[in-house]
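Data block below; observations after.
Ligands are counted one by one from 1 in listed order, and the atoms in each one are counted from 1 as well.
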Amino acid sequence: MNTDELRQRLEFYQDLGIKTLYRRTVIERAMPPHPQPPAVVVSLPTLEPKQDSLLNILADIGDCKRCRLHEARHKIVFGSGNEQSKLVFVGEGPGADEDAQGLPFVGRAGQLLTQMIEGTAAKEGIPIKRSDVYICNVVKCRPPENRTPQPDEMEICGQFLYRQLQAIKPKAICALGGTAAKALLGVQEGVTRLRGKWHSWHDIQLMVTYHPPYLLRPYNQNAKKEAWEDLKKVLHYVYD
Ligand code: SF4
């Protein structure tokens, strides 16, 4: 990080009301004989104000221009659902419908997510609806042309996701797709390796499954079945 980026980061923390920063001990590791270029790993910052709440976070976001994604957005998509939910779904970022309405997962992929949650719950005898869970994204503004959010965008906006998850403190998180999984877990593996297994995010159980837009493609029917299996695991873990 250069001096300018560091200054911007510190100003951002100041915006959040964070006055004190602690430096983590850095463990020096021996370099391999032929060092490879470092893989880009997103790490969500771990600072949040005391007594945080979703309302505080929303107020802090304000008319956010902290990253380039503000340039083309129409509405910030903060999140929706039950703020005391035991289960939070995290996608990667808003699409066109979400950008127009300011709500997460409201287009075709959103309808599929609703079916996945409510259909699986009904089949498994778990009395929940989509409105009982909380849904949000890693970035709150739509990336142009629905491109994947870039690591710096996820890192800047990920601070709000971190605070949302800490404020809600769900029993489990379900990461929808590889981008959300990578942002939350700070790993490089793709969704096919990560899905279907339990991981941990700050002591909260985290399941990875496919991103609903991916499941809309007709040739991904097997993935659809796998996503339903993943969801079954999550719902039983949270609501049994
Ligand atoms: S994506 Fe997040 S950090 Fe970037 S402008 Fe939108 S709200 Fe701000």
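Residue contacts with ligand 1 for R73 involve side-chain atoms from C-beta outward but no N, CA, C or O (heavy atoms, distance under 4.0 Å).
Enclosure of atom NE2 in H74 is not indicated, since only 12 or fewer non-hydrogen atoms of other residues, nucleotides or ligands lie within 6.0 angstrom.
Tracing side-chain contacts under 4.5 Å through hydrophobic residues (I, L, V, M, F, W, Y), one never reaches L103 starting from F105; they form parts of separate clusters.
Heavy-atom contacts of H70 reach the following atoms of ligand 1: 5 (S) (cutoff under 4.0 Å).
Of the candidates G158, P149, C157, G62, it is C157 that places a heavy atom closest to atom 3 (S) of ligand 1.
To the nearest 0.5 Å, atoms CD (E98) and CZ (R142) are separated by 9.0 Å. L55 CG to E83 CD: the interatomic distance, rounded to the nearest 0.5 Å, is 6.5 Å. With values rounded to the nearest 0.5 angstrom, R193 atom CZ is found 12.0 Å from Q188 atom CD.
Between atom 4 (Fe) of ligand 1 and C141 there is no N/O/S contact shorter than 2.8 Å.
Of all protein heavy atoms, the one closest to atom 4 (Fe) of ligand 1 is C67 SG, 2.4 Å. Looking only at protein heavy atoms, the nearest one to atom 8 (Fe) of ligand 1 is C64 SG, 2.2 Å.
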